[in-house]
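Contents: one structure, followed by commentary.
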Amino acid sequence: MHTHTRFVFVTGGVVSSLGKGIAAASLAALFEARGLRVTMQKLDPYINVDPGTMSPFQHGEVYVTDDGAETDLDLGHYERFTHATMSKRSNFTTGRIYESVIRRERRGDYLGATVQVIPHITDAIKNAILSLRSEDVDVALIEIGGTVGDIESQPFLEAIRQLRFDLGRKNTAYIHLTLVPYIASAGEMKSKPTQHSVKQLREIGIQPDVLLCRSERPIPKGQKDKIALFCNVEREAVIDAPDVDTIYGVPLTLRGGGLGSAVLKHFGMEDPQPDLSVWEDICRKIREPKDEIRIAMVGKYIELADAYKSINESLIHGGMANAVRVKIDYIDAEMLEKKGISSLESVHGVLVPGGFGERGTEGKMAAIRYARENKIPFFGICLGMQLAVVEFARHVVGMEGAISSEFSERPEHPVIALMTEWEQEGTRIQRDSDSDLGGTMRLGGYPCRVIEGTKAYAAYGKSDIRERHRHRYEFNSNYREQLEKAGLIVSGTLPDDSLVEMVEVTDHPWYVACQFHPEFLSRPYAPHPLFAAFVGAAKLQAGL
């Protein structure tokens with residue numbers, strides 16, 4: 001048994017969306033800055049088996065791990081704030097837990113016992129958490145989704161209550177994130193919601209060790225003393241987390257409040273001075289630039305910024321690499337179809353992100369054509385690449401019937417098609433479950449060979465790369481020769497040349513589209529080469 005992996009459990013109270021994911025990721029960054037090795041996990045109380053089938057309007061983007069898990073977007077924060085790699089073990093939902101228990105019950109593994117929430121469901125949750133134990137991990141941080149008091153999160157809270165009993169106080173820490181609202185008419189901050197939230201936690205047997213209090217402004221000392229007294233938490237373990245101008249400033253704010261020290265003190269571990277120079281550097285790069293460039297993001301989920309969370313962050317990283325601030329103009333692809341493309345006239349770059357379904361595709365292609373013909377830097381990702389190929393086939397090659405077979409039952413020219421239509425051995429990926437929607441997807445990390453002499457190669461500076469995928473349709477290799485003759489450049493393929501991964505066009509300052517999702521690999525301390533190159537091209541376009 002590896003007794004030296006310690007567990008930190010992060011729960012949330014009062015309201016959702018307080019930033020538990022960023023707080024947990026920032027604490028992990030504070031541990032890493034002290035030389036500790038970390039891993040993270042998100043437990044989601046909803047009943048979907050994974051977020052793969054959910055609308056981005058409901059839950060934001062689906063984040064994909066290298067091993068092909070479709071997960072919660074908080075795992076994006078975990079990977080951007082730390083050097084840990086997330087996997088299928090990093091995200092469990094109620095649905096996934098129940099599915100595994102029901103499957104075992106059907107097989108007869110419970111020997112005729114009555115299967116119940118306690119102990120069967122809670123044991124399955126504990127096993128999911130304990131699967132993170134490893135000789136390579138000093139601290140595992142587990143974030144429980146939802147808000148304390150929700151009916152669906154109770155089995156998760158019961159499981160972490162039991163883990164203190166199983167593992168001991170010195171190996172488990174409870175951090176509770178709450179809201180301390182400022183009531184303008186009274187001119188004061190109110191601790192009552194926090195008191196109520198902690199009372200609910202204590203009713204189910206969990207006494208928080210640290211309280212992280214979210215607020216618009218710093219919390220006065222008197223209020224913190226009151227919270228400590230009424231919530232039975234040590235005074236130095238009541239830490240305020242006021243709003244910051246950039247999420248990458250959160251590790252610095254929490255260090256200032258003593259969060260890492262409070263947890264390490266609880267564990268009885270040494271507390272060396274954390275080296276946060278990397279985060280100071282990141283914040284400086286974000287705050288310093290005076291020059292701003294504008295990027296049009298043409299999508300269909302633009303009402304919800306979280307739908308493109310990783311892309312938004314990757315553009316910020318690209319800005320840091322080029323010492324500019326990136327302002328994103330979110331443009332609804334369907335509005336382009338109705339109102340024309342005048343909204344693109346003042347931007348310095350056009351980005352068409354991934355997505356599923358036909359809605360808005362004509363608007364996205366209008367934006368792609370505008371960028372191609374007017375020599376504006378263009379970056380297409382996943383569906384953005386597929387539509388770039390369709391647009392090129394239609395307007396450069398003259399194939400009027402060019403389309404993706406995703407959007408047409410009997411396509412005349414299916415330049416984008418399902419792999420099964422010309423499938424090669426070894427390129428298909430099968431999901432764990434026999435799910436209807438997951439069976440034929442290419443999910444997770446794949447190697448790619450970048451062709452020398454291309455814009456893509458100039459960005460990466462090497463020919464062997466690995467990127468993450470989440471898609472069902474592919475560039476149809478039967479059309480490759482015809483499209484290449486007309487000036488489409490294939491700049492990246494699978495190593496065996498079977499599938500096209502990246503395309504470009506001739507005679508254009510920067511036009512690159514890729515079948516994978518580079519945004520899942522961009523980090524504030526290591527901006528993704530394609531985002532850095534795209535923002536660099538947009539900076540030139542802006543004349544900076």
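Keep in mind it's a predicted model, so treat the numbers as computed, not measured.
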So, using ring-ring contact (aromatic ring centres under 6.0 Å, His included) as the criterion, who are the partners of H317 when residues are at least two apart? Y248
Sole candidate of I331, I376, N374, I341 that passes side-chain contact (heavy atoms from CB on, under 4.5 Å) when paired with V350: I376
Salt bridge (charged side-chain N to carboxylate O under 4.0 Å, His left out) evaluation trace for E334 with R359: CA-CA 7 Å; E334 289 183 281; R359 196 163 58 80; 2.5 Å; yes
Looking at F92, is R96 sitting on its ring face, NZ or CZ under 6.0 Å from the six-membered ring centre and within 45 degrees of the normal? yes
Please give me the minimum heavy-atom distance between [X] and [Y], naming the atom from each residue.
X    : Y    : value
G145 : D44  : CA-OD1, 4.4 Å
H348 : E292 : CE1-O, 4.4 Å
P414 : A417 : O-CB, 4.0 Å
V505 : R372 : CG1-CD, 4.3 Å

Given K539 and D291, is the salt bridge (charged side-chain N to carboxylate O under 4.0 Å, His left out) satisfied, shown in steps? CA-CA 9 Å; K539 181 180 176 181; D291 292 322; over 6 Å; no
Quiz question: by atom type and distance under 3.5 Å, do the side chains of [X] and [Y] form a donor-acceptor pair?
X    : Y    : value
R89  : T39  : no
Q386 : Q515 : yes
H508 : E373 : no

I'd like to know whether D497 forms a salt bridge (charged side-chain N to carboxylate O under 4.0 Å, His left out) with R449, so could you lay out the CA-CA distance, the side-chain angles of the two residues, the decisive distance to 0.1 Å, and finally the verdict. CA-CA 8 Å; D497 203 40; R449 192 185 71 219; 3.7 Å; yes
Hey, do the aromatic rings of [X] and [Y] have their centres closer than 6.0 Å?
X    : Y    : answer
Y330 : Y308 : no
H517 : Y63  : no
W510 : F378 : no
Y446 : F516 : no

Do side-chain atoms of [X] reach the backbone of [Y] as a donor and acceptor pair under 3.5 angstrom?
X    : Y    : result
N476 : I416 : no
T65  : S87  : no
E337 : G363 : yes
R470 : G52  : yes

Would you call [X] and [Y] a salt bridge, taking side-chain N to carboxylate O under 4.0 Å as the test?
X    : Y    : value
E280 : R284 : no
K462 : D464 : no
E400 : R394 : no
R442 : E474 : yes
E99  : R106 : no
D67  : K88  : no

Show, in sequence, the C-alpha distance, side-chain angles and deciding distance for K300 and D332, and conclude whether the salt bridge (charged side-chain N to carboxylate O under 4.0 Å, His left out) test is met. CA-CA 6 Å; K300 65 174 188 178; D332 185 340; over 6 Å; no
Report the C-alpha distance between I142 and I144 in whole Å, list the side-chain angles of each, state the deciding distance to 0.1 Å, and finish with yes or no for side chain to side chain contact (heavy atoms under 4.5 Å, CB included). CA-CA 7 Å; I142 288 85; I144 315 278; 4.2 Å; yes
Apply side chain to side chain contact (heavy atoms under 4.5 Å, CB included) to the pair L530 and Y460, showing each step before the final yes or no. CA-CA 7 Å; L530 292 180; Y460 282 104; 3.5 Å; yes
Students often mix this up, so state it plainly: with edges at 30° and 60°, are the rings of H469 and H471 parallel, tilted or perpendicular? tilted
Step by step, would you call F520 with D66 a side chain to side chain contact (heavy atoms under 4.5 Å, CB included)? CA-CA 9 Å; F520 295 145; D66 185 78; over 6 Å; no
Hey, mind stepping through D306 and E61 against side chain to side chain contact (heavy atoms under 4.5 Å, CB included) and telling me if it holds? CA-CA 6 Å; D306 272 358; E61 75 175 5; over 6 Å; no
Nearest 0.5 Å, please: how far is CG in D329 from OG in S346?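 Interatomic distance, S346 OG to D329 CG, rounded to 0.5 Å: 6.5 Å.
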